[in-house]
Trainee: 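Please read through the structure below; I'll follow up with questions.
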Amino acid sequence: MNPYLQYALAPQIAEANRQFDIGATKQQSAATQAGAFGGAREAIMAAENERNRNMAIQNIVGQGYNTAFQNAQQLYNQNLQNQLAGYDLTGRAASQDLKMTNAKNY
């Protein structure tokens, strides 16, 4: 992952991890109270929680890259428009200079 994007997304990823850890603790507590801690059900719930955690983190990363791409594309297009506007102004100035030079020669 891009280091800039990694640092920009780190708080969101940390919060997602915290929320899933809280959920996992609650699930383990419920499994212990039900006498199912360490059983097949608890393992399935833990695996599902981990899968959901990974999906959430991948969603955060995907959205981060999408936002970064959209911003870069917008800046590229703005830069291109600025360059084209500059060429147009330069072209107009050169055309104006040419007209004035021609007028002086006649």
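Remember, predicted model here, so these are calculated numbers, not experimental data.
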Trainee: Tell me every residue that passes side chain to side chain contact (heavy atoms under 4.5 Å, CB included) with L80, counting only those two or more places apart in sequence or in another chain.
Mentor: Y76, Q83, L84

Trainee: How far does CG of N17 sit from CG of N54, to the nearest 0.5 angstrom?
Mentor: 9.0 Å

Trainee: Do the side-chain N and O atoms of Q78 and Q74 include a donor-acceptor pair separated by under 3.5 angstrom?
Mentor: no

Trainee: Just jot down the side-chain hydrogen bond (donor to acceptor under 3.5 Å, both in side chains) partners of Q6, sequence neighbours excluded, or say none.
Mentor: none

Trainee: Excluding sequence neighbours, so at least two apart, what forms side-chain hydrogen bond (donor to acceptor under 3.5 Å, both in side chains) with N59?
Mentor: none

Trainee: Could you walk me through whether I57 and L9 pass the side-chain contact (heavy atoms from CB on, under 4.5 Å) check?
Mentor: CA-CA 10 Å; I57 290 171; L9 296 178; over 6 Å; no

Trainee: Below 4.5 Å, heavy atoms only, C-beta onward: do L5 and V61 meet side chain to side chain?
Mentor: no

Trainee: If you measure from CD on E15 to CD1 on I13, what distance do you get to the nearest 0.5 Å?
Mentor: 12.0 Å

Trainee: Within this structure, what is the CE-CD distance for the pair M55 and E48, rounded to the nearest 0.5 Å?
Mentor: 10.0 Å

Trainee: So does F20 get a backbone contact from the side chain of N49, meaning a donor-acceptor N/O pair under 3.5 Å?
Mentor: yes

Trainee: Answer yes or no: is there a donor N or O on one side and an acceptor on the other, between the side chain of T25 and the main chain of D21, under 3.5 Å?
Mentor: yes

Trainee: Drop me the distance from Q63's CD to Q12's CD, to the nearest 0.5 angstrom.
Mentor: 8.0 Å

